[in-house]
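Please read the structure below before turning to the comments.
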Amino acid sequence: MKKIICLLAVLAAMNVNGQNTVKTDTVANVKNAGNVIITEAGGSVSVQIQGSGDDRDYAYTYKHKVKPDSKVSVSQDWELNPLFTKSSSKKNGKGKWAVVSGGMYIGFNRAVDDNPEVGVKMGSSVELAWDRVLGLRYRPHKNGPDFLLGVGIGWKNYKISDSFVCFSGDKNLVQLGSYPEGSYPKYSRLKVFSLRVPLSVRQKLGDDFSVSLSAIMNFNTHASIKNCYLVENDIKVEESFNGAPVRDVSFDLMAALNYECLGVFVKYVPQSVFKSGKGPEFKSISIGFGFSL
């Protein structure tokens, strides 16, 4: 054969009652393989290789019988962990990496440390996010914490309802104003879209539960304000503008509790939403639920 592909048939860590250790050896080094099948059944592991290209007629079979009192450990360095699936990392060994997806959630915002007139209420102010559209997970120790880094997207909505106060102004300055005289207010809202880079530490608590702490950097790429009210004859009027002067970069702190892929969280925004001197001063806290937090 010209070239031979490397097959890993690793049979490791065989511990018998007398604590004798059988070292693993290279059984075969085959290149240019078209198909490799590894089968475990009946207390044995078999490997079948079919050649490709000029070596398509090549075939190789290896079978290893495992003693009843022996232990076989097979591990991989990488895995793919999509959303809504349970990670298999607890079965793997040390130094494991994985491409993951997760951090999809809905939260309800409430303004804190604000002017009481702002009145951003938790029931009507919603946040939607997918923090790890694509992420990378590293577990340095089998029973230790996971470290996750990802990229994602999110929308935050701060809504003033049941109030005669509204956001007013333009791209340079937003203030708390009032609706036109004789109108009936519906709502006033600030919506912010951001690209997100979350860094998380997650620790498993047994097989099903886990806790996580996250710091999320938000690159706020778009912000808009909309006011909605009714005038005479119940005619609805909407006024809006884009480019509200929110912070270009902001940070969130988040804690979550997961059961398998379902979780609940609390999040705190320690900075004012608007740039300093460009709008009403308020921070926010949110509570919600989601998947793979």
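Residues take their numbers from the sequence shown, with the count starting at 1.
- The side-chain heavy atoms of I287 and F108, taken from C-beta on, include no pair separated by under 4.5 Å.
- The shortest distance between side-chain heavy atoms of V231 and N233 does not fall below 4.5 Å.
- With sequence neighbours excluded, the residues satisfying salt bridge (Lys or Arg N to Asp or Glu O under 4.0 Å) with K267 are E127, D252.
- Considering only heavy atoms from C-beta on, N258 comes within 4.5 Å of S212 through its side chain.
- Taking CG of N143 as the reference point, atom NZ of K204 lies at 10.5 Å (rounded to 0.5 Å).
- Here salt bridge (charged side-chain N to carboxylate O under 4.0 Å, His left out) pairs that include residues 167-194, with residues two or more places apart or in two chains, number zero.
- The minimum heavy-atom distance linking S276 with E281 is given by the pair CA-OE2, 4.1 Å.
- L230 and F164 fall into different hydrophobic clusters, where Ile, Leu, Val, Met, Phe, Trp and Tyr residues are linked whenever their side-chain heavy atoms come under 4.5 Å apart, directly or through other members.
- The ring pair (Phe, Tyr, Trp, His ring centres under 6.0 Å) analysis of residues 231-262, with sequence neighbours excluded, yields the pairs F209-Y259.
- Nearest heavy-atom pair across S272 and P280 is OG-O, 3.9 Å.
- S200 and R202 share no side-chain donor-acceptor pair at under 3.5 Å.
- Proximity of L148 to V100: side-chain heavy atoms (C-beta onward) are separated by under 4.5 Å at one or more points.
- By the 4.5 Å side-chain criterion applied to Ile, Leu, Val, Met, Phe, Trp and Tyr, I216 is assigned to a cluster that also includes Y105, M254, F265, L293.
- With hydrogens and angles ignored, the 3.5 Å screen pairs a side-chain donor or acceptor of R132 with a backbone N or O of S292.
- Atom CG of L176 sits about 6.0 Å away from atom CD1 of I160, to the nearest 0.5 Å.
- The two residues V133 and G152 come nearest to each other via the heavy atoms CG2-CA, 3.8 Å.
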I'd like to know whether N218 forms a side chain to side chain contact (heavy atoms under 4.5 Å, CB included) with V249, so could you lay out the CA-CA distance, the side-chain angles of the two residues, the decisive distance to 0.1 Å, and finally the verdict. CA-CA 6 Å; N218 305 290; V249 179; over 6 Å; no
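- Judged purely by atom type and a 3.5 angstrom limit, S188 has no side-chain atom pairing as donor or acceptor with the backbone of N227.
- From I153, atom CD1 reaches atom OG of S194 across 9.0 Å, with rounding to the nearest 0.5 Å.
- One finds the CD atom of E232 at 12.0 Å from the OG atom of S183 (value rounded to the nearest 0.5 Å).
- A side-chain N or O of N220 and one of S250 form a donor-acceptor pair less than 3.5 Å apart.
- Other members of the cluster containing V201 are F147, with ILVMFWY side chains joined at under 4.5 Å, either directly or via other members.
- No continuous path of hydrophobic side-chain contacts links Y138 to L213 [ILVMFWY only; heavy atoms under 4.5 Å].
- Side-chain contact between F291 and W130 is absent, with no heavy atoms from C-beta onward closer than 4.5 Å.
- Note: N157 CG to S125 OG = 6.0 Å, rounded to the nearest 0.5 Å.
- Considering only heavy atoms from C-beta on, D248 comes within 4.5 Å of K275 through its side chain.
- With contacts defined as side-chain heavy-atom distances shorter than 4.5 Å, the pair N242/H222 qualifies.
- For residues 173-207, the ring pair (Phe, Tyr, Trp, His ring centres under 6.0 Å) pairs, not counting sequence neighbours, are W155-F193, Y179-Y229.
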Determine, stepwise, if the pair L195 / V151 fulfils side chain to side chain contact (heavy atoms under 4.5 Å, CB included). CA-CA 7 Å; L195 301 175; V151 290; over 6 Å; no
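- Considering CD1 of I285 and CG of L253, their distance stands at 10.5 Å, rounded to 0.5 Å.
- Contact detail for S284 and Y158: the closest heavy-atom pair is OG-OH, 3.4 Å.
- Considering only heavy atoms from C-beta on, V269 comes within 4.5 Å of K156 through its side chain.
- Salt bridge E238/K226: present, at least one basic N to carboxylate O contact under 4.0 Å.
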